[in-house]
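Whatever order the structure lists them in is the order used to number ligands and atoms, beginning at 1.
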Amino acid sequence: MLLELKKVTKEYPLRLRRGNAKSKIAVKNVSFAITKGESVGLVGESGSGKSTLAKCMMRLEKITSGQVLWKGQSIYSKRFKDFTLYKNIQMVLQDSSASLHPKMRVAEILAEPIRNFFPDEKNWHEEGIKLLHLVGLDASFLNYYPDQLSGGQKQRVCIAKALAVKPELIIFDESIASLDSPSQKSILEILKKIQKLDGPSYLFITHDLESTKELCDRVAIMYEGEIVETLTDWENGQLTHPYSRLLFDTMDSYS
Ligand SMILES: Nc1ncnc2c1ncn2[C@@H]1O[C@H](COP(=O)(O)OP(=O)(O)OP(=O)(O)O)[C@@H](O)[C@H]1O
């Protein structure tokens, strides 16, 4: 087991007028696990708590109760340093612009994680080229600044930057949602190819069931903060929750 969530709840405190305090339960009692080499989808309607759950896994939000374990060790324990967290888990967000420094060339963007996580590696340039090849870009892109890249190219660079760390898990939070369909397809192909090369496990958060089916071995369905169902057999699995049935009814290839 790589990552394991045990009864995780996340409540956001809300400050109302006249000092009244209330809270919003964004994630409710979620238990969930990802093993090595697996690709897991997390789908659900807007506001169901998917991003909050991902933030809890990256310690970007503090959980209210429960446990988040990495190989059995709580990521919230003092002994679990940032370096260990980011060495093992990387996240690729929807908004690639926020992840790529506008004043850094792609070469520097890729060299930074290599320098941080592999200080003995001196061939940053060669490593950068290898990473670009993995995501389907050639060496000339090392010279580009982010604003010289298309949306799809930026996302590929973000994926390359995550891969530079050689993490065991990558969380994709709506990472390809803003791309056109051909770009989405080619990135999915790239992700599948990388995983076959003994690549990382994936947690793929999305609204899009079709791409989830393309990439993921199983899919967890979130509804109002809870994981209401996990489907492991895309062809013959039985859905029991009304929301999952509704969601899958919208999918052409599922009937
Ligand atoms: N910082 C915050 N403070 C208060 N409430 C929040 C905060 N962040 C998220 N929420 C609430 O928590 C709930 C879950 O939000 P979250 O962003 O995790 O959902 P999501 O499933 O990722 O949605 P989407 O698919 O639209 O990104 C929502 O009701 C949202 O309004």
### Query
Checking side-chain contact (heavy atoms from CB on, under 4.5 Å) against Ile159, which of Ile190, Leu191, Leu134 comes through?
Leu191

### Task
Indicate yes or no: does an N/O atom of Glu174 lie under 3.5 Å from an N/O atom of ligand 1?
no

### Task
For atom 26 (O) of ligand 1, find the nearest protein heavy atom and state the residue, atom name and distance (0.1 Å precision).
Ser46 OG, 2.5 Å

### N/O donor-acceptor pair under 3.5 Å between Glu38 side chain and Thr35 backbone
yes

### Task
With Lys166 as the cation and Phe118 as the aromatic partner, state whether NZ or CZ is under 6.0 Å from the six-membered ring centre and within 45° of the axis.
yes

### Query
Looking only at protein heavy atoms, which one is nearest to atom 30 (C) of ligand 1, and how far off is it?
Lys24 CE, 4.9 Å

## Note on the structure
So for Val27 against ligand 1, with non-hydrogen atoms under 4.0 Å, the contacting part is neither

### Query
Any idea which protein heavy atom is nearest atom 25 (O) of ligand 1, and the distance to it?
Lys50 NZ, 2.8 Å

### Task
Could you tell me the residue and atom name of the protein heavy atom closest to atom 10 (N) of ligand 1, and the distance to it rounded to 0.1 Å?
Tyr12 CE1, 3.4 Å

### Nearest non-hydrogen protein atom, atom 16 (P) of ligand 1
Thr52 OG1, 3.6 Å

### Query
Under 4.0 Å from atom 14 (C) of ligand 1, do we find at least one protein heavy atom?
yes

### Task
Please check if Phe32 and Tyr76 belong to a single hydrophobic cluster, counting links between Ile, Leu, Val, Met, Phe, Trp and Tyr side chain heavy atoms closer than 4.5 Å.
yes

### Task
Establish, yes or no, whether the cationic atom of Lys78 lies under 6.0 Å from the six-membered ring centre of Phe80 and within 45° of the ring axis.
no

### Query
Taking the side chain from Ser175 and the backbone from Gln94, do they hold a donor-acceptor pair closer than 3.5 Å?
no

### Task
Tell me which protein heavy atom sits closest to atom 27 (O) of ligand 1, plus the residue, atom name and distance to 0.1 Å.
Ser51 OG, 3.8 Å

### Task
Please could you name the atoms of ligand 1 that Ala26 approaches to less than 4.0 Å, counting only its heavy atoms?
12 (O), 13 (C), 14 (C)

### Basic-acidic side-chain contact under 4.0 Å: Lys213, Glu210
no

### Query
Does the distance from a Lys or Arg side-chain N to an Asp or Glu carboxylate O, for Lys161 and Glu112, drop under 4.0 Å?
no

### Task
Can you sort out which atoms of ligand 1 are near Leu14, meaning under 4.0 Å from one of its heavy atoms?
4 (C)

### Query
So, does Asn123 use its side chain to make a donor-acceptor pair with the main chain of Glu126 at under 3.5 Å?
no

### Message
Show me which atoms of ligand 1 lie under 4.0 Å from any heavy atom of Glu45.
### Response
21 (O)

### Task
Pick, from Ala54, Cys56, Gly49, the option with the minimum heavy-atom distance to atom 19 (O) of ligand 1.
Gly49

### Query
Can you tell me if NZ on Lys185 sees more than 12 non-hydrogen neighbours from other groups inside 6.0 Å?
no

### Message
Evaluate Ser48 for polar contact with ligand 1, using N/O atom pairs at a separation under 3.5 Å.
### Response
yes

### Query
Taking the non-hydrogen atoms of Met222, is any one of them nearer than 4.0 angstrom to ligand 1?
no

### Message
Could you check whether any heavy atom of Gly47 sits closer than 4.0 Å to an atom of ligand 1, since that is the contact criterion I want to use?
### Response
yes

### Message
Check for me whether Lys55 has a heavy atom closer than 4.0 Å to any atom of ligand 1.
### Response
no

### Electrostatic pair Arg115:Glu127 at N-O distance under 4.0 angstrom
no

### Summary
Under 4.0 Å from one or more heavy atoms of His207, ligand 1 contributes atoms 25 (O)

